[in-house]
Amino acid sequence: MAREIGTRCIHLEEEELNHYGAISFPIYQTATFAHPGVGQSTGYDYSRVQNPTREQLEKVAASLENGIDALALSSGMAAIALMMELFSPGDHLIVDADLYGGSVRLFEQVSKKNGIDFTSIDCCCEDIEGQIRENTKAIYIETPTNPMMHVTDIAKTAETAKRHGLFLIVDNTFLSPYFQNPLELGADLVIHSGTKFLGGHNDALAGFLVTNREELSERLRFLYKTTGAVLSPFDSWLILRGIKTLGVRMERAQENAMAVAEWLKGQKMVTDVIYPGLPEHPGYELMKRQARGFGAMLTFRLASKEAALAVLGKVRLIQYAESLGGVETLITYPTTQTHADVPKEVREKNGITESTLRMSVGIEDVKDLLEELERVFEDIEKEMKY
Ligand SMILES: *Cc1c(COP(=O)(O)O)cnc(C)c1O
């Protein structure tokens, strides 16, 4: 019987007592390894190919996503860029219209130049099958999406992909493996920005590619050692340490997010609260079926751009910063931060208006978070006479 996921964050099934019994896995800060003799290897030759600390992290990540292999890279974008190496000029991908801004930038400004073609649609709600061409190779989704929180049916999309011999690739950063396991629902490849919930402390960048397909694992391992954006031993250790508390962090952050979403709903200055944990969210029922939680990311719109900017200027405990998934609550302005490189028309079409804010709710005491929001909103209401 496989252990529960909260335990797998802390212990590998096949844990052995070695490294002098060290409870915290050692950092093998070495670039290369000596060979015991000609034609012999300790199992490690050179750290670009493999390093014991990184390997330990990869085993944990594979276990959390129920994959056969996980590759740890130097950032989430390095993982997505490596994934793109699976494709060749002339290939076509169907991608979610609402995606992490960096992914859009990579697809639009790098992959296209390399001859790869994309169709962007709302995979949650538009007809994917109708967009499949002879040269289509993959469907690439986020669920929930960043930042509009659209929820796509992973199992149904996987069926469509299988029928047409396409890969289904899911960026699972927003929910983390603690709340959602796309491979179990039929996806071929899962991506994580380990910088976010997996690391959890806003102190290291990392990325993961996880698969349960032998053939994909082999191709990716070859591309990985060849292109070299591997995670360093020290950063591997930081992410390993972060993952140990993934379960408790996700539970607490989600509880806080629910409280913040409910609070925001009661504000006259707030026009929309987009959080999949609210029963009125169109993805609520689907999330209950395919995930074990709703996560800690929420998006909301204010009555005006001025009010949105005022919130960013007045927060103190909550910090105005890019990124998400850490113990600290952060608030982001997608228009000029995460989605600045997405063309304005596309941004607005997707619903990212100039009064839209995204919040990554952390694990602070919720009382302090709500007090902070009350102070900020009262100030703005007074100044702007809402
Ligand atoms: C942050 C993020 C990425 C990119 O990861 P980095 O670690 O910043 O390179 C990709 N996808 C999503 C959903 C993200 O939030």
Side-chain angles (χ1 to χ4, degrees), residues 57 61 65 70-84 93 95-111 120 123-124 140-152 154 169-180 182 187 189-210 224 227 229-232 235-236 238-239 242-243 246 250 253 257 274 276 291 295-299 321-326 328-334 337-342 350 352 357-362:
L57 170 63
E65 281 292 9
L71 289 75
L73 293 104
S74 56
S75 70
M77 285 319 301
I80 300 171
L82 188 75
M83 174 279 290
M84 283 310 298
L93 275 74
V95 302
D96 242 324
D98 184 46
L99 284 181
Y100 177 70
S103 307
V104 177
R105 183 171 58 214
L106 176 75
F107 298 161
E108 290 294 319
Q109 299 183 40
V110 180
S111 306
S120 300
C123 291
C124 61
Y140 182 96
I141 63 170
E142 288 177 12
T143 179
T145 59
N146 181 357
M148 296 316 298
M149 315 300 286
H150 298 311
V151 181
T152 297
I154 299 174
I169 303 164
V170 181
D171 181 337
N172 199 28
T173 300
F174 262 36
L175 286 185
S176 90
Y178 187 75
F179 281 146
Q180 182 168 272
L189 185 61
V190 165
I191 294 175
H192 281 283
S193 168
T195 315
K196 314 294 170 54
F197 289 102
L198 289 167
H201 294 74
N202 288 316
D203 55 8
L205 297 175
F208 291 94
L209 293 174
V210 194
Y224 178 78
T227 55
V230 304
L231 193 63
S232 76
D235 287 345
S236 296
L238 281 173
I239 306 295
I243 288 176
L246 179 68
M250 293 308 295
I274 310 170
M297 297 301 301
L298 59 90
T299 294
E322 226 149 330
S323 202
L324 61 108
E328 299 90 358
T329 299
L330 302 182
I331 193 160
T332 305
Y333 191 47
Q337 291 185 301
T338 51
H339 291 70
D341 278 351
V342 178
N350 291 345
I352 309 174
L357 297 176
R358 188 194 76 186
M359 198 188 294
S360 168
V361 183

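Just so you know, ligand 1 is whichever comes first in the structure, and atom 1 is the first atom listed for that ligand.
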Could you tell me which non-hydrogen atom of Leu82 sits nearest to which non-hydrogen atom of Leu73, and how far apart they are?
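Taking Leu82 first and Leu73 second, the nearest heavy atoms are CD2-CD2, 4.0 Å.
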State which residues pass salt bridge (Lys or Arg N to Asp or Glu O under 4.0 Å) with Glu322; sequence neighbours excluded, sorted by chain then number.
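Here no residue qualifies.
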Is a side-chain donor-acceptor pair under 3.5 Å present for Asp341 with Gln109?
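Looking only at side-chain atoms, Asp341 and Gln109 do not form any donor-acceptor pair under 3.5 Å.
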Expected output: side-chain Thr332 to main-chain Ala321 donor-acceptor under 3.5 Å
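Between the backbone of Ala321 and the side chain of Thr332 there is a qualifying donor-acceptor contact (under 3.5 Å).
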Donor-acceptor pair, distance only, cut-off 3.5 Å: does the side chain of His339 make one with the backbone of Leu99?
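Yes, His339 side chain to Leu99 backbone: donor-acceptor pair under 3.5 Å.
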My understanding is that only one of Asp171, Ile169, Val170 makes a side chain to side chain contact (heavy atoms under 4.5 Å, CB included) with Leu189; could you say which?
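Only match with Leu189 under side chain to side chain contact (heavy atoms under 4.5 Å, CB included): Ile169.
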Every pair of nitrogen or oxygen atoms between ligand 1 and the protein that is under 3.5 angstrom apart - can you list them with their distances to 0.1 Å?
residue	atom	partner	partner atom	Å
ligand 1	5 (O)	Ser193	OG	3.0
ligand 1	7 (O)	Gly76	N	2.8
ligand 1	7 (O)	Ser193	OG	2.8
ligand 1	7 (O)	Thr195	OG1	2.6
ligand 1	9 (O)	Gly76	N	3.0
ligand 1	9 (O)	Met77	N	2.8
ligand 1	11 (N)	Asp171	OD2	2.7
ligand 1	15 (O)	Lys196	NZ	2.8

